[in-house]
Amino acid sequence: MSDPHTPSPATTDSHAATAHDPNDPHAVPPDAHEIEHHLAMYTKVGIILFVFTGITVGLSYVDFDKMFNGHGWNMKIGMAVATFKVCLVAAIFMHLKQERSTIWRFLYFTLFFVAGLFLLTLFAWVDPIFGTTHWHH
Amino acid sequence: MQIPYEVQARPDTGLYNAKVGIWLFLASEVMLFGGLFSAYIFLRLGADDGYWPHGLLNVPIGTFNTFILIASSVTVIRAWVALKMRRFAEYKKWMGITIVCGAAFLFIKLAFEWPPKFNHFGAIMQKDKWAKYEPYLGNEKMKEKGLHPRNEISGHLHGFEVTGEKAVLEEFGRQRGLKQLEGHGHGAATAHAATDPAHPPQASGDVTVHFEAHSPRDADALVNLARARQHENLKRAQKNPPLPPLSIPKIVSFEVMPDPVNEKPLDDENLKPHFWPKSPNKNATPIKIEASDIHHWSAFVPKHSTYFSTYFMITGLHGLHVLGGVLVFIFLWGPGAALYKKNPEHLANRVEVAGLFWHFVDLVWIFVFPLFYLL
């Protein structure tokens with residue numbers, strides 16, 4: 001099996017030099033070197049998360065409502081940054097970027113239901129049933 | 001019995017069993033935290049102007065804990081990669097660091113973050129009494145600046161005045177180890193109670209005693225004593241013939257060493273929260289608050305407000321997840337690591353699913369931190 005990421009023998013762990021035997025649990029699995037190759041990326045993502053935590057804290061002291069002459073801008077921007085960080089964690093740390101479709105199918109359902117849950121919360125302000133809203137306050 | 005597919009992937013799903021299991025579990029966790037976050041949204045959007053507090057949490061501690069959690073997310077991946085590469089010593093090292101990070105997160109929360117809140121007093125004032133306490137709330141300036149009004153006087157509970165039967169109050173003070181403060185001391189208090197309309201005498205012979213307080217728990221103890229005596233009175237009324245009711249002690253005022261925000265509410269420094277919390281001025285003049293002007297008072301505990309109840313609920317549940325993760329990691333680092341000899345790939349899979357759970361805990365915190373500490 002050809003693996004473009006296979007490191008040179010000089011940098012390889014002594015156990016890792018043997019060819020992979022699927023029946024030997026002690027052998028280094030074929031995907032391991034590729035995983036090791038990702039190590040630098042995991043560290044990079046960690047550093048990005050550190051930086052964006054600092055950005056989240058810093059942005060919370062900026063008055064965006066004044067800047068944009070509106071309401072709730074700090075919340076919108078803060079949540080946008082948090083969502084970006086969460087996507088990084090899910091895609092890279094939790095391997096969702098290259099995960100199997102089975103897991104994605106679970107998650108589509110979860111996202112659908114959690115979106116429904118948040119929509120239900122909206123009903124506290126918006127009456128979705130036609131003809132029941134009272135306008136004459 | 002050998003369970004199939006704990007190491008090899010099932011041909012139909014392409015996944016080993018535990019991975020399917022952990023993702024189904026995480027999907028249910030999304031719904032659990034989703035429910036709590038939707039409660040947060042509901043309560044926050046429904047809160048009256050000024051009733052969603054800002055700046056009550058310690059941002060440097062929260063930021064530091066965020067860094068710890070992110071670092072532990074990287075180290076747990078390194079532990080998994082080390083196992084994949086069959087480098088056991090390296091695995092032990094990274095997993096050990098992960099455990100230390102998780103434990104540090106919990107330690108910081110339980111030793112430095114929560115306890116000061118349990119000892120911090122807050123009195124949320126009745127809306128129609130805000131004007132009376134304007135020197136401590138500074139709401140005219142807040143309005144002028146287009147900021148949310150302040151509804152609370154908070155700080156260290158220095159003392160509280162109680163009316164009640166002299167013997168009952170003396171026994172209460174003795175049991176709690178509370179000194180009686182000078183000024184409105186007992187004895188002189190009877191005359192004080194008779195003349196001051198804010199302190200109506202409940203029964204003849206009642207006195208007003210000014211107790212010192214170490215924490216809001218001392219005032220809570222008095223409320224509990226009053227409740228116990230009210231409960232006892234229900235039983236006494238049912239006796240044949242009915243026994244005379246016990247007197248009920250009552251808090252009439254609080255004396256608070258104010259937080260900077262209430263000490264100098266007009267100071268530009270105090271208009272908005274800061275990254276580094278300002279420490280209270282030990283020489284500040286205590287503020288006297290009449291109990292009848294207070295909507296409700298408590299320590300910074302869940303019953304303080306919808307803000308603190310959601311804060312303690314969500315961060316508490318998150319903390320339990322951190323604890324659960326740390327316990328699993330301790331097992332995988334210690335006795336569970338013996339599996340390495342038998343089947344290292346199986347151990348790597350266990351570490352991977354525990355790591356997936358850990359990343360989810362990190363992911364929840366990424367939302368919790370700005371929602372409660374910053375925004």
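Keep in mind that this is a model prediction, so the values were computed, not measured. Every chain is numbered from 1, with letters handed out A, B, ... down the list of sequences.
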Would you mind checking which part of [X] comes under 4.5 Å of any heavy atom in chain A, side chain (CB onward), backbone (N, CA, C, O), both or neither?
| X | answer |
| --- | --- |
| B/K272 | side chain |
| B/T66 | side chain |
| B/I77 | side chain |
| B/L15 | side chain |
| B/R10 | neither |
| B/Y40 | side chain |
| B/V364 | neither |

**Smallest separation among heavy atoms of A/M94 and B/L356, with atom names** =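 Reported closest heavy-atom pair: CE-O, 3.4 Å.
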**Request:** Would you name the heavy atoms of A/V114 and B/M31 that are closest together and state the gap between them?
**Result:**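 That would be N-SD, 3.8 Å.
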**Item:** Atom group of A/V89 that falls short of 4.5 Å from chain B, counting heavy atoms
**Value:** side chain
**Prompt:** Parallel, tilted or perpendicular for A/H95 and B/W80, by the 30°/60° rule?
**Reply:**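 Answer is tilted, since the angle falls between 30° and 60°.
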**Prompt:** Is the shortest heavy-atom distance from the side chain of B/V74 to the side chain of A/F93 under 4.5 Å?
**Reply:** yes
